[in-house]
K.L.:
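Right, I'll just put the structure down here and ask away after.
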Amino acid sequence: MLSISAGEARRIALAAQGFANTARIGKRRPFDAALERLHVLQIDSVNVFARSHYLPVFSRHGSYDATALDRHLWRSGRFTEYWAHEAAFIPVQDRPLFGWRMAERRARDERTGRAAQLAPALDRVRARLKSDGPSFVRDLEDGPRANRGPWWDWSETKRAVETLFAWGEVASAGREGFQRRYALADHVLPEQHLGSAPVGDAQRELISRAARSLGIGTLADFADYHRLRLGPARAAVADLVESGELLPVQVEGWTSAAGQFSEAWVHRDARVPSRLAPDALLTPFDPMVWYRPRAERMFGFHYRIEIYTPKEQRQFGYYCLPLMVGGRMAGRLDLKADRAGGALLVQAAWRESRAPVRTGSAARALLARAAAWQGLAEVRWSGAGNLELPLRFEAAE
């Protein structure tokens with residue numbers, strides 16, 4: 001069995017996630033390298049600094065035109081949305097890999113009676129999308145939105161269209177102001193991408209994709225990437241070990257409470273760069289940190305997002321971005337874009353106890369670049385936190 005150090009495991013993971021090539025994005029196919037490495041690009045509605053799906057490309061390649069990424073995701077015909085991790089962009093040809101999830105969701109809704117409860121609204125939405133084509137929820141509403149339900153204060157129409165989306169009958173036809181435009185799947189997706197791959201084949205392929213994207217990991221790491229249950233994930237890992245795609249490995253420090261090495265595997269294509277020490281601001285929904293147990297095991301970084309924590313109980317801030325310096329998690333920055341004032345506000349800046357000495361200078365450089373990327377002229381620090389920054393400095397040119 002292979003045996004590697006904790007540092008080698010980190011470098012494998014960083015390289016697999018696309019941090020080995022941090023050159024500026026090119027013009028010909030600018031986003032392919034990052035998106036192919038990630039496989040899924042998580043979507044989130046929070047926009048205090050920048051939409052979450054924009055940040056992984058910035059983290060790996062620096063400044064770029066976010067509207068160009070939107071065009072690539074929506075107008076190239078190569079991507080669609082589904083519940084792949086959470087809500088996420090995925091390659092459209094991989095949609096059949098989630099057919100089993102669509103079928104499971106429909107079966108559960110039928111079993112619990114939710115499908116019957118929503119039946120009139122489901123039929124109404126289907127008919128409207130068939131006659132009217134791609135539509136926002138507001139276009140599908142039948143009268144004032146008075147009939148609200150218990151799910152996030154959703155109307156019955158919203159619940160119906162989201163149910164059809166989860167079942168695979170409805171797909172996203174783009175977004176406007178972050179509102180999703182819905183359409184019947186067979187109206188907007190190529191026929192070859194509407195079917196379902198056999199369950200076992202699909203789940204094995206998803207574990208394979210996760211292992212390539214992560215480079216190295218435990219069963220739980222691989223399963224979490226596309227939100228698979230551990231039983232099917234274990235069966236898929238066993239198949240991939242038998243085929244030679246995954247290799248068992250022991251990683252320094254990856255041990256159980258009893259001191260035994262945790263089961264782990266490395267993808268056969270993974271490489272250990274001799275040196276890899278990137279600096280980056282990460283979204284809380286970046287695959288480097290989205291599975292919190294892995295972030296803690298890999299980086300010693302205990303991270304929780306505090307959006308839903310009452311203000312008086314927050315430890316670090318409302319929307320803290322993990323700060324990576326030298327390939328290690330070195331701090332957290334609570335950011336907000338003041339677009340009217342032309343400034344990136346650092347509402348709090350924190351450094352980890354074992355952060356590199358240059359964490360402050362690295363944070364300043366990253367913040368200056370982030371402000372410029374967002375079209376902001378300067379960075380202002382509130383003074384809160386234990387990471388020292390200038391109270392005010394200009395964005396990078």
Side-chain angles (χ1 to χ4, degrees), residues 19 25 31 34 38 41-70 73 86-89 175 177-179 278-290 292 295 301 303-309 311 314-325 329-352 359-360 362-385 387 389-397:
F19 285 100
I25 11 187
F31 304 110
L38 293 166
L41 193 62
Q42 186 171 332
I43 305 166
D44 190 79
S45 61
V46 177
N47 192 30
V48 290
F49 166 54
R51 298 284 186 196
S52 186
H53 69 283
Y54 294 135
L55 272 162
V57 177
F58 174 75
S59 300
R60 288 153 178 80
H61 296 286
S63 184
Y64 70 96
D65 180 0
T67 60
L69 178 59
D70 285 340
L73 292 170
E86 296 294 331
F89 294 105
R175 288 178 180 257
F178 211 69
Q179 293 186 56
D279 298 346
L281 291 175
L282 304 178
T283 168
F285 308 108
D286 192 292
M288 290 305 304
V289 294
W290 69 17
R292 311 308 190 208
F301 186 58
Y303 177 70
R304 299 294 184 272
I305 192 167
E306 297 183 305
I307 290 174
Y308 303 109
T309 302
K311 184 176 181 179
R314 291 177 195 147
Q315 183 177 2
F316 298 107
Y318 176 78
Y319 192 65
C320 277
L321 274 64
L323 169 65
M324 183 163 67
V325 177
M329 298 303 164
R332 318 155 197 249
L333 300 170
D334 185 17
L335 301 184
K336 181 178 181 179
D338 176 9
R339 303 196 185 280
L344 176 58
L345 306 181
V346 183
Q347 303 188 109
W350 304 92
R351 65 181 298 149
E352 298 294 289
T359 294
R364 177 175 178 170
L366 288 168
L367 288 165
R369 291 202 292 270
W373 173 52
Q374 288 295 298
L376 305 171
E378 63 178 0
V379 181
R380 300 176 194 161
W381 175 44
S382 70
L387 174 60
L389 295 169
L391 291 176
R392 190 169 184 164
F393 53 98
E394 292 183 355
E397 295 184 0

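Everything numeric here is computed off the predicted structure, so don't read it as measured data. All values below come from the heavy atoms of this structure, side chains included, with hydrogens, waters and symmetry mates left out.
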K.L.:
Under the 3.5 angstrom rule, does the side chain of Arg332 hit a backbone N or O of Arg351 as a donor-acceptor pair?
P.N.:
no
K.L.:
Could you check if a side-chain atom of Gln42 sits within less than 4.5 angstrom of a side-chain atom of Thr283, using non-hydrogen atoms only?
P.N.:
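No, too far: nothing below the 4.5 Å cut-off.
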K.L.:
Would you sort out whether Val379 and Leu389 count as a side-chain contact (heavy atoms from CB on, under 4.5 Å), showing the intermediate values?
P.N.:
CA-CA 10 Å; Val379 181; Leu389 295 169; over 6 Å; no
K.L.:
Find the distance between OH (Tyr64) and CG (Leu69) and round it off to the nearest 0.5 Å.
P.N.:
4.5 Å
K.L.:
Pick one: which of Leu282, Thr359, Asp279 meets side chain to side chain contact (heavy atoms under 4.5 Å, CB included) with Leu323?
P.N.:
Thr359
K.L.:
Please determine which of Asp334, Leu333, Leu335 meets the side chain to side chain contact (heavy atoms under 4.5 Å, CB included) test together with Gln347.
P.N.:
Asp334
K.L.:
State, to 0.1 Å, how close Ala372 and Ala395 come at their nearest heavy-atom pair, and which atoms those are.
P.N.:
N-CB, 3.7 Å
K.L.:
Heavy-atom distance under 4.5 Å between the side chains of Tyr318 and Val48, does that happen here?
P.N.:
yes
K.L.:
Which atom pair, heavy atoms only, marks the closest approach of Met324 to Leu366?
P.N.:
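Looking at all heavy atoms of both residues, the shortest contact is O-CD1, 4.3 Å.
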K.L.:
Give the intermediate values and the outcome of side-chain contact (heavy atoms from CB on, under 4.5 Å) for residues Val46 and Tyr319.
P.N.:
CA-CA 9 Å; Val46 177; Tyr319 192 65; 3.8 Å; yes
K.L.:
Counting N and O atoms only, with roles assigned by atom type, does the side chain of Glu352 sit under 3.5 Å from a partner on the main chain of Phe301, one being a donor and the other an acceptor?
P.N.:
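A pair under 3.5 Å: no.
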K.L.:
Taking C-beta and beyond as the side chain, do Leu73 and Phe31 meet within less than 4.5 Å on heavy atoms?
P.N.:
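With C-beta onward as the side chain, the pair stays apart.
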K.L.:
Side chains of Leu55 and Trp373: does their closest heavy-atom pair fall under 4.5 Å?
P.N.:
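Yes. Closest side-chain heavy atoms under 4.5 Å.
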K.L.:
Atom CZ in Arg304, atom CD in Gln315: separation rounded to 0.5 Å?
P.N.:
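The distance works out to 11.0 Å.
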K.L.:
Working note: Trp381 + Phe393, criterion side-chain contact (heavy atoms from CB on, under 4.5 Å); need CA distance, chi angles, decisive distance, verdict.
P.N.:
CA-CA 9 Å; Trp381 175 44; Phe393 53 98; 5.6 Å; no
K.L.:
May I ask you to test the Pro322-Asp286 pair for a side-chain heavy-atom distance under 4.5 Å?
P.N.:
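No - every pair of side-chain heavy atoms lies 4.5 Å or more apart.
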K.L.:
For the residue pair Asp338 and Leu376, what are the closest heavy atoms and their distance?
P.N.:
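For Asp338 versus Leu376, the nearest heavy atoms are O-CD2, 4.0 Å.
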K.L.:
Is it the case that the side chain of Arg369 and the backbone of Ser63 share a donor-acceptor pair, with hydrogens and angles ignored and the cut-off at 3.5 Å?
P.N.:
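A pair under 3.5 Å: no.
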K.L.:
Kindly give the heavy-atom pair with the smallest separation between Phe316 and Ala348, and that separation in Å.
P.N.:
O-CB, 3.6 Å
K.L.:
Write down the atom of Ser59, the atom of Ala280, and the distance for their closest heavy-atom approach.
P.N.:
O-CB, 3.6 Å
K.L.:
With no hydrogens and no angle check, is any side-chain donor or acceptor of Glu378 less than 3.5 Å from a backbone partner on Ala343?
P.N.:
no
K.L.:
Is there side-chain contact between Gln374 and Phe49, with heavy atoms separated by less than 4.5 Å?
P.N.:
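When only atoms from C-beta onward are counted, Phe49 and Gln374 do touch, with a gap below 4.5 Å.
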K.L.:
Evaluate the side-chain proximity of Phe285 to Ile43: yes if any heavy-atom separation is below 4.5 Å, no if none is.
P.N.:
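Side-chain contact under 4.5 Å: no.
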K.L.:
Which atoms form the tightest heavy-atom contact between Pro278 and Phe19, and what is the distance?
P.N.:
CG-CB, 3.9 Å
K.L.:
Would you say the side chain of Arg364 lies within less than 4.5 Å of the side chain of Leu387, judging by non-hydrogen atoms?
P.N.:
no
K.L.:
Checking the side chain of Tyr303 only, and the main-chain atoms of Cys320 only, is there a donor and an acceptor separated by less than 3.5 Å?
P.N.:
yes
